[in-house]
Structure formats: structure tokens, C-alpha cells
Amino acid sequence: MHFQDTVVYNRTKDIGSATGTWFAELLKKSPWYKDVVPNFKSLPQEELGPGIDSASSFTSVCINTAIYLPWLVSQCLKHGVKFKRGVVRHVKEAADLHHTRKQADLIVNCTGLSSAKLGGVEDSTVVPARGQIVLVRNDPKIMASTSGTDDGDDEATYIMHRAAGMFVLRMSWSFIRLKGIQGGGCVLGGCYQKGSWESQPDPSMAIRIMKRCADLCPDLTDGGGIERLSIIRHGVGLRPVRDDGPRVEKDVIEGIKVVHQYGHGGFGYQSSYGSADAARKLVDQALGHHAKL
Ligand SMILES: Cc1cc2nc3c(=O)[nH]c(=O)nc-3n(C[C@H](O)[C@H](O)[C@H](O)COP(=O)(O)OP(=O)(O)OC[C@H]3O[C@@H](n4cnc5c(N)ncnc54)[C@H](O)[C@@H]3O)c2cc1C
């Protein structure tokens, strides 16, 4: 997780589009986070490129989730959490997976998009918002995004360079030792296709994403166009969007206490500490004592 210089470019015409709505807070001249993030400022008009109506820059945070998630698992293990893997068809089945073999006192339902289909939950207001990205080795040294594109209402342009990870490779048989920095890669996005379950990357969209990112940030390709991009892989993810926002709520399903915590759409990482804290309080309320979480 690292701090990164960030620029957000706004086009008034994107207000109301799928991407513009997703970026709504970023489009504001005075967003809620302006006094939270360091170095927030509006860019002067003369620094704006063609078609851009306003822009802000600030220092933001970028998480390399490929490193962050295993780290979270290691923190849980350190604190005595027992992991069990399995697929449940009904939420109540989770109660029987407790490592003590006794039924669990309470289930926290964090099944994301699956809450639309999971037995006992079946929340029809949970839908996917498909995102497609291209991961490249190039390093533009900033994070940047635009509020919309001319390629489609639900397409987006954003660049996020992820923090590098350390690697140490030892091969004793040949006495080779390599130490170094494994690049976190740079994420080029994207789109916000609500209702699409398509899990495969669309090659045409990948080209559009790369072109838009190269135009937005010429430093990405040293001004040389998308042929200068070194592609690591293409990716698709489905954001677990819920129409009325995340559901963090107590429930009782077939006699079993449940705390729901799903539907965090495209902001599950940034809202995770607050949302987890809210869920923890609900768990304490439901159990009537302080849970060991
Ligand atoms: C392209 C893209 C870009 C994004 N960018 C950002 C960003 O910049 N910032 C940000 O904060 N967020 C971002 N997000 C959103 C973020 O990834 C999600 O909000 C977050 O991952 C949701 O986490 P979750 O734990 O609620 O759900 P998930 O990560 O979907 O986890 C649900 C878990 O439940 C398990 N599960 C489901 N059903 C069952 C079952 N029946 N039995 C057993 N296990 C089950 C699944 O295997 C999975 O492990 C982005 C998402 C995408 C796709």
C-alpha cells in the first residue's frame, strides 16, 4: 500500500452517465475527502487538456491487493483464526463448518455477488458491475482518471500503478541467489458494465482501454502509443453492486443469527475498515457480549 500522486480529470458532459455516476463524488469541485487527503488542489484552467472542464490533484493511496490479501490472511492466522474452505448452498450450512464441530453462534455473510443467489439470502438487488483491465509493466509514476469516455457510457479511463513486492529467490543447487523488487504492475482500466456477468476480456475493449490511457498519460508509453505497452495480462472482475448500497445488517435465518456484510460495489477495499467495524458492532449486539473477532 503506498501513497501516489493522483489527478482526476472531469468532463461536465459525463454527469449522469454510468461512469459519471460512479465518479459522482470525484466530479465535485469540493469533494468530501478534500480535507482528508494530503495536497488537494484544483488544477488551473490553462493546465487542462482539450475537452476537460476541471481537474483536481491530490495524494491518494494505492493498494496492491495481490500482496495485501495474503498479508491479511497471515494477520488472521497470527491471531488464531481457523480457516476452512468450502462452498455452501444455503447460508445456514456455514454454521456447521465451525472448527470445534459445534454449531457456530453466528454467521457473518460476506459472500459479495453470491448473495444474489445464496440460499436464505437471495437478494435480487445485488448485481454485477463488470470491470475490465489491462495490467502492464510500464510505470507512469502517477494515478490518473477521467470521469468518462467517448467510447461508451459505461467505459472508463484510469491508471493505477501498484506498489512493488520484494522477492528473494534462492536455488541452493546452483548457488544462485536473486534478490530484488517484483513490480506490482500498472492497472489500466476500465469499464462499469452494470448487469454484465461476462467473465472473459473483450479484446476490442482492451485496445480502447490502452489507447485512452496512452492519450491520458503520454508518459505511460513515452509518447510512443500502445505498441510501447508491455502487457502482463488482461483481467475481468465483477463488482458486487447493491442498489441501496452495502447491506451491513443483523438478521435471523432459520433460527441462526446472521450479520450480513455485502454489496460494496467498486469500493470494498476503501470502505473495508469502516464496514468491518460496523459489522463487528452488530455481531456484539446480536451475541449480547464482546465477540472474539
Ligand atoms: C475492476 C475492479 C476494480 C475495482 N477497484 C476498486 C478500487 O479501486 N477500490 C476499492 O475499494 N474496490 C475496488 N473494487 C471492488 C472490490 O474489489 C470489491 O468491493 C471487493 O472485492 C468486495 O469484497 P467482498 O469481500 O465483499 O466480496 P468478494 O471479494 O467477492 O468475496 C466474496 C467471497 O465469498 C465467497 N463465497 C461466495 N459465495 C460462496 C458460497 N456459496 N460458499 C462459500 N463461499 C462463497 C467467494 O468465494 C469470495 O471469497 C474493484 C473491483 C473490480 C472488479
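Counting starts at 1 for both ligands and their atoms, following the listed order. Quantities reported herein were computed from a predicted structural model and do not represent experimental measurements.
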Margin query: One pair to check against side chain to side chain donor-acceptor pair (under 3.5 Å): Thr111 and Ser115. What are the steps and the verdict?
Written below: CA-CA 6 Å; Thr111 53; Ser115 285; 2.8 Å; yes

Return the closest protein heavy atom for [atom] as residue, atom name and distance.
atom	result
atom 9 (N) of ligand 1	Gln270 OE1, 3.0 Å
atom 20 (C) of ligand 1	Gly268 CA, 4.1 Å
atom 35 (C) of ligand 1	Thr111 CA, 4.6 Å
atom 8 (O) of ligand 1	Met160 CE, 3.8 Å
atom 41 (N) of ligand 1	Val88 O, 2.7 Å
atom 28 (P) of ligand 1	Gly112 CA, 4.7 Å
atom 52 (C) of ligand 1	Arg239 CG, 3.6 Å
atom 44 (N) of ligand 1	Gly86 O, 3.9 Å

Would you mind listing which atoms of ligand 1 come within a distance below 4.0 Å of any non-hydrogen atom of [X]?
X	result
Leu238	53 (C)
Leu118	41 (N)
Ser114	37 (C), 38 (N)

Check: When you measure from atom 22 (C) of ligand 1 to each heavy atom in Pro240, Ser272, Gly237, which option holds the nearest one?
Finding: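 Among Pro240, Ser272, Gly237, the closest heavy atom to atom 22 (C) of ligand 1 belongs to Pro240.
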
Checklist line | Nearest option to atom 18 (C) of ligand 1, as decided by whichever heavy atom of Gly266, Gly265, Cys191, Pro246 sits closest | finding: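 Of the listed residues, Gly265 has the closest heavy atom.
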
Tell me whether ligand 1 is touched by [X] - counting only heavy atoms on the residue side and a distance under 4.0 Å.
X	answer
Cys110	yes
Tyr262	no
Gly263	no
Leu113	no

Notebook entry, point to check: With a 3.5 Å cut-off and no angle check, do the side chains of Thr59 and Asn39 form a donor-acceptor pair?
Noted result: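 Yes, because at least one side-chain N or O of Thr59 sits under 3.5 Å from a partner of the opposite role on Asn39.
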
Notebook entry, point to check: Is there a donor-acceptor contact under 3.5 Å linking the side chains of Thr125 and Asp123?
Noted result: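 Present: a donor and an acceptor within the cut-off.
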
Before accepting this row, confirm whether a basic side-chain N of the pair [X]/[Y] lies closer than 4.0 Å to the acidic partner's carboxylate O.
X	Y	result
Asp154	Lys194	no
Lys281	Asp284	no
Glu198	Arg130	no
Asp215	Arg212	no

Margin query: As a test of the contact definition, would atom 13 (C) of ligand 1 count as having a protein heavy-atom neighbour under 4.0 Å?
Written below: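 There is a protein heavy atom less than 4.0 Å from atom 13 (C) of ligand 1.
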
Next item on the list: Decide yes or no on salt bridge (charged side-chain N to carboxylate O under 4.0 Å, His left out) for Arg247 and Asp251, but give the supporting numbers first.
Entry: CA-CA 11 Å; Arg247 184 178 182 198; Asp251 198 356; 3.5 Å; yes

Next item on the list: Before signing off on this row, confirm whether Tyr269 and ligand 1 have an N or O atom pair separated by under 3.5 Å.
Entry: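 The answer is yes, given that Tyr269 and ligand 1 share an N or O pair closer than 3.5 Å.
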
Check: How many angstroms lie between atom NE2 of His90 and atom CD1 of Ile256, to the nearest 0.5 angstrom?
Finding: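 Nearest 0.5 Å value for the NE2-CD1 distance: 8.5 Å.
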
Checklist line | Trp71 six-ring centre to Lys78 NZ/CZ under 6.0 Å and within 45° of normal | finding: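 Checked: cation-pi criterion not met.
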
Checklist line | Side chain proximity check, Val241 to Val126, heavy atoms < 4.5 angstrom | finding: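 Side chain of Val241 against side chain of Val126, heavy atoms only: no contact under 4.5 Å found.
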
